[in-house]
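Let me begin by presenting the structure, written as structure tokens, before commenting on it.
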Amino acid sequence: MLPGAASASYYGAPGPPLSLPQTLRGTVVVPLAEAPAAPADTLPQLYPVLAACWQPPAGLGHGEVQITARFALRRDGSLIASPRIVFTSGAAGEARNRLLRTTLRALKACTPARITPDLGRAIAGRPIGLRLVYRGTR
């Protein structure tokens with residue numbers, strides 16, 4: 001073993017230390033049919049928990065709309081700072097402004113996110129890029 005190399009991963013399990021990607025990225029098709037019932041314990045479970053409060057704003061139209069927010073969470077699932085919208089497509093003008101406001105309100109309403117303590121320790125302070133995809137009314 002190399003000097004200074006870890007002999008166990010987190011929580012004493014054998015193997016190299018565990019690590020997460022620099023930025024945590026997830027995509028969720030919204031609105032969700034129902035909110036997740038249990039607290040998130042994994043990254044794939046985290047993204048629907050964060051998107052559960054999102055509903056389409058009035059006048060969004062029939063086409064596909066995408067919006068990506070970037071933010072970070074504390075160990076308890078609360079926002080560290082206000083989320084930033086870093087990408088939108090499929091909406092322009094006032095519809096885009098409503099989409100931005102709706103998304104920011106939804107993220108604030110869904111936080112603190114219901115997460116397990118283990119997931120909270122793993123994601124605390126890491127940037128999260130949450131992409132929401134709305135496929136329009138059918």
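The analysis underlying the following values was restricted to heavy atoms, covering all of them including side chains, and did not include hydrogens, waters or symmetry mates.
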Looking at residues at least two apart in the chain, or sitting in another chain, which of them share a side-chain hydrogen bond (donor to acceptor under 3.5 Å, both in side chains) with [X]?
| X | result |
| --- | --- |
| R114 | none |
| S89 | none |
| T68 | none |

Answer yes if [X] and [Y] sit in the same cluster of Ile, Leu, Val, Met, Phe, Trp and Tyr residues linked by side chain heavy atoms under 4.5 Å apart, and no otherwise.
| X | Y | answer |
| --- | --- | --- |
| V49 | I67 | no |
| V133 | V65 | no |
| Y47 | L32 | yes |

What I'd like to find out is whether the side chain of [X] reaches to under 4.5 Å of the side chain of [Y], using heavy atoms alone.
| X | Y | value |
| --- | --- | --- |
| T111 | S78 | no |
| I123 | L43 | yes |
| K108 | S82 | yes |
| L104 | P83 | yes |

Could you go through the side chain to side chain contact (heavy atoms under 4.5 Å, CB included) check for L79 and L73 one step at a time? CA-CA 5 Å; L79 290 167; L73 299 176; 3.9 Å; yes
Among L107, L99, T88, V30, side chain to side chain contact (heavy atoms under 4.5 Å, CB included) partner for L132: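 Single side chain to side chain contact (heavy atoms under 4.5 Å, CB included) partner of L132 among L107, L99, T88, V30: V30.
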Given T116, L130, I115, the one that forms side chain to side chain contact (heavy atoms under 4.5 Å, CB included) with L46: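 Exactly one candidate clears the test, I115.
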May I ask you to check whether over 12 heavy atoms, not counting those of R98, lie within 6.0 Å of atom CZ? yes
Is the count of non-hydrogen atoms from other residues, nucleotides or ligands lying under 6.0 Å from R96 atom CZ greater than 12?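 Atom CZ in R96 is not crowded, with 12 or fewer foreign heavy atoms closer than 6.0 Å.
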Rounded at 0.5 Å granularity, tell me how far CD1 in I80 sits from CZ in R126. 11.5 Å
Residue pairs, two or more places apart or on separate chains, that pass salt bridge (charged side-chain N to carboxylate O under 4.0 Å, His left out) and touch residues 31-57: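 Matches after skipping sequence neighbours: none remain.
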What pairs meet the salt bridge (charged side-chain N to carboxylate O under 4.0 Å, His left out) rule with one or both residues in residues 57-73, with sequence neighbours excluded? E64-R135
Evaluate Q66 against R131 for side chain to side chain contact (heavy atoms under 4.5 Å, CB included), listing each step before the verdict. CA-CA 7 Å; Q66 297 183 32; R131 181 174 149 234; 3.0 Å; yes
Distance alone, cut at 3.5 Å: any donor-acceptor contact between the side chains of T103 and W54?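 Yes.
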My understanding is that only residues two or more places apart in sequence, or in another chain, count here; which of them pass salt bridge (Lys or Arg N to Asp or Glu O under 4.0 Å) with R101?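 For R101 the salt bridge (Lys or Arg N to Asp or Glu O under 4.0 Å) partners, ignoring immediate neighbours, are E94.
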